[in-house]
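A short write-up of the structure that comes next.
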There are 2 protein chains.
Amino acid sequence: MSRQILVVEDETAIREMITFVLEQNGFNAIEAETIEQAQAKIKEPYPDLILLDWMLPGGTGVKLAKSLKQNEYTRTIPIIMLTARADEDDKVKGFEAGIDDYVTKPFSPKELIARIKAVIRRVAPTALEETIDFHGITLDPVAHRVSINNKNLDLGPTEFRLLHFFLTHTERVYSREQLLDNVWGTNVYVEDRTVDVHIRRLRKAISGDGHEDFIQTVRGSGYRFSGKILPSG
Amino acid sequence: MSRQILVVEDETAIREMITFVLEQNGFNAIEAETIEQAQAKIKEPYPDLILLDWMLPGGTGVKLAKSLKQNEYTRTIPIIMLTARADEDDKVKGFEAGIDDYVTKPFSPKELIARIKAVIRRVAPTALEETIDFHGITLDPVAHRVSINNKNLDLGPTEFRLLHFFLTHTERVYSREQLLDNVWGTNVYVEDRTVDVHIRRLRKAISGDGHEDFIQTVRGSGYRFSGKILPSG
DNA sequence: AGTTATTGTGACAGTTTCATGACAACGATA
DNA sequence: TATCGTTGTCATGAAACTGTCACAATAACT
């Protein structure tokens, strides 16, 4: 289940950009332009996190933060403040009001996502890294544990990352190069064929019994992780 | 195969944001900060599209656009100009220089992606990522999967590309030469008649049951992929 | 019908791509 | 140091893919 994030930001372009980036990263964005709108949207089900702009038409965001943090039901919601500059005064006031972190504009999407994840991890550690369950394969990113049909799997680090990537990116073909980028990391010099070998190791590991081939070879293109087995005609 | 997009932008935060958004959307981003860097990176294989900032340290982006559009090898590369404001003068100069579209900053990622896709669609009308459904034939470019009446089809790479081309270009006759250009790629030396063989293979693959000849032979002209069955006579 | 041009089909060989087992390098650890 | 687990690379064989050809089948035309 994806996280609800309330974006309180009056500049449309920035708000849209943030919303877009959030949704690209699997978050569910709710938008608000003013403090009033925001307050109206902070109700059950409560958002999991609030991105709060510092300068808002109805007053400073800190005002909202303060009131939220004083309310019994909303004080546990983590708040990340968006400030226009790295202003010490803003930061101090923000933290006094109870914010959990801040991001200074302009920021890169990567930074924003990283901070959101960090805050969620801090406040609700189990939340972000949820256990994945896919057709009998269970992967717990936090415990770094994999099981298939309740039988524990012993994977090497690379196989674990590869499986984790596949489980979060199913039903899609990835070229060897893309897999290297995503699992091994960019600017790592490794042969394309190395992927084949790790695919084979992972296949071997998860091919115990039951389901046949989760990892499907797409000749000429790459590999696909899929739970679907369509009848071939 | 993902499209290469060259991002020419000197502001790091914006460039990173754009790159991020592009890669989230399956594009392959190449970055350049200056006109010189950009020119160095515009070579084979040429990028499929260029996002060009208006204000650059080495001069205006329009200068680069002009030189690209005057070069035989680069003039077909679509260029989208990034302008700081909706300045009529900028736009006019841009279009005079041969740009294909423009986006005014600040822009939302959705708008950017939409414009990129629109331009690519205009220039290279093959579909990008959407699943195509045509009279029971389903082709998913992302998963690299084809099914006909929910039965999985096993196609070789060339057959897949051929079918993909046909599905995005139905009801129209294509000569063997045109098919070679579009499916095999230009500057590939292959016999005309090779197309016949692949047509046959594709026909065989999709001729399971139900609809018979999607691929119609137009004697003397080429082939046509059609859902219509015209009464013979 | 006979002729010619064009297309369908099966076969085949060369090439490409992939799966697999082996192995050495490396680092961690006892 | 010795051992173990992990990892990247390679060699090899199997399988799939591809382009081309020869010939059959079909359509068009006289």
Side-chain angles (χ1 to χ4, degrees), chain A residues 144-146 152-166 173-207 212-225 232, chain B residues 1 144-146 152-166 173-207 212-226 230 232-233:
Chain A
H144 212 274
R145 198 167 253 166
V146 189
N152 195 48
L153 269 198
D154 210 19
L155 295 181
T158 306
E159 277 98 65
F160 185 88
R161 287 201 308 278
L162 181 59
L163 179 59
H164 191 190
F165 176 79
F166 270 140
V173 172
Y174 289 93
S175 68
R176 292 173 175 73
E177 202 180 346
Q178 286 176 309
L179 289 173
L180 284 176
D181 278 355
N182 283 290
V183 178
W184 277 255
T186 46
N187 39 354
V188 175
Y189 166 66
V190 173
E191 290 289 320
D192 269 17
R193 293 277 149 221
T194 301
V195 176
D196 295 32
V197 180
H198 281 272
I199 289 282
R200 170 182 151 266
R201 289 171 181 158
L202 184 55
R203 266 181 178 150
K204 202 172 180 180
I206 65 179
S207 74
E212 284 312 308
D213 251 2
F214 284 103
I215 305 175
Q216 295 155 8
T217 305
V218 180
R219 197 162 255 264
S221 295
Y223 296 96
R224 171 181 57 212
F225 198 91
S232 54
Chain B
M1 186 180 51
H144 211 277
R145 236 176 184 148
V146 188
N152 196 47
L153 269 199
D154 218 15
L155 297 181
T158 306
E159 285 146 55
F160 185 89
R161 288 201 308 276
L162 181 59
L163 178 59
H164 193 186
F165 176 80
F166 271 139
V173 175
Y174 289 93
S175 68
R176 292 174 175 74
E177 201 180 346
Q178 285 176 310
L179 289 173
L180 284 176
D181 278 354
N182 283 289
V183 178
W184 277 254
T186 47
N187 36 356
V188 174
Y189 165 67
V190 173
E191 291 289 321
D192 270 16
R193 294 299 311 278
T194 300
V195 175
D196 295 33
V197 180
H198 281 273
I199 289 283
R200 170 183 150 265
R201 289 171 181 158
L202 184 55
R203 267 181 176 149
K204 201 172 181 181
I206 64 179
S207 74
E212 276 315 305
D213 39 6
F214 284 103
I215 305 174
Q216 296 158 4
T217 305
V218 180
R219 195 164 254 264
S221 297
Y223 296 96
R224 172 181 54 214
F225 199 91
S226 167
L230 300 181
S232 58

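Proteins come first, then strands; the chains are lettered A, B, ... in the order of their sequence lines, and each starts at number 1.
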request  = Ignoring the backbone of Arg201(B), work out which of dC12(C), dT9(D), dT7(C) is nearest its side chain.
outcome  = dC12(C)
ask   = Using a cut-off of less than 4.0 Å, is there contact between a side-chain N or O of Thr194(A) and OP1 or OP2 of dT9(D)?
value = yes
message = Taking 4.0 Å as the cut-off, does a side-chain nitrogen or oxygen of Trp184(B) come that near to OP1 or OP2 on dT18(D)?
response = no
query = Around atom CG of Asp154(B), are there more than 12 heavy atoms of other residues, nucleotides or ligands at under 6.0 Å?
reply = no
ask   = Hey, is the side chain of Arg203(A) poking within less than 4.0 Å of OP1 or OP2 on dA19(C), counting only N and O atoms?
value = yes
query = Please give, in whole Å, the distance from dT6(D) C1' to His144(A) NE2?
reply = 13 Å
key: Spacing of Leu202(A) atom CG relative to dT7(D) atom C1', expressed in whole Å   = 15 Å
task = Return the nearest nucleotide to the side chain of Arg219(B); candidates are dG8(C), dC18(C), dA5(C).
result = dA5(C)
ask   = Under the side-chain contact (heavy atoms from CB on, under 4.5 Å) criterion, do Asn182(B) and Arg161(B) qualify, and how do the steps go?
value = CA-CA 9 Å; Asn182(B) 283 289; Arg161(B) 288 201 308 276; over 6 Å; no
query = Nearest of dT9(D), dG8(D), dG19(D) to any side-chain atom of Glu191(A)?
reply = dT9(D)
request  = Round to the nearest Å and state the distance from Lys204(A) atom NZ to dT7(D) atom P.
outcome  = 15 Å
message = Whole angstroms only, please: what is the CG-P distance between Asp196(B) and dA22(D)?
response = 15 Å
ask   = Distance-only, no hydrogens or angles: does the Arg224(A) side chain make a donor-acceptor pair with backbone N or O of His144(B) under 3.5 Å?
value = yes
Proximity to the side chain of Arg200(B) - top-ranked nucleotide from dT9(C), dC18(C), dG19(D) = dT9(C)
inquiry  = My understanding is that only one of Leu155(A), Asn152(A), Leu153(A) makes a side chain to side chain contact (heavy atoms under 4.5 Å, CB included) with Arg145(A); could you say which?
reply    = Asn152(A)
key: Listed nucleotide nearest any side-chain atom of Arg176(B), set dT7(C), dT9(D), dA19(C)   = dT7(C)
task = Round to the nearest Å and state the distance from Glu159(B) atom CD to dG19(D) atom C1'.
result = 13 Å
ask   = Taking the side chain of Arg193(B) as its heavy atoms from C-beta onward, which of dG19(D), dT9(C), dC17(D) lies nearest to it?
value = dT9(C)
message = Counting the atoms with a prime plus P, OP1 and OP2 as sugar-phosphate, which does Phe160(A) contact under 4.0 Å by heavy atoms, base, sugar-phosphate, or nothing?
response = nothing
key: dG8(C) phosphate, OP1 or OP2, under 4.0 Å from Thr217(B) side-chain N/O   = yes
key: Tyr174(A) ring center near Phe165(A) ring center (under 6.0 Å)   = yes
task = Using atom CD1 of Ile199(A) as one end and atom C1' of dG8(D) as the other, report the distance to the nearest whole Å.
result = 15 Å
note = Atom CG of Asp192(B) and atom P of dC21(D) are separated, to the nearest Å, by 12 Å
query = Between dG8(D), dA28(D), dG8(C), which nucleotide gets closest to the side-chain atoms of Tyr223(B)?
reply = dG8(C)
query = How close or far is atom C1' of dG8(D) from atom CZ of Arg161(A), stated in whole angstroms?
reply = 13 Å
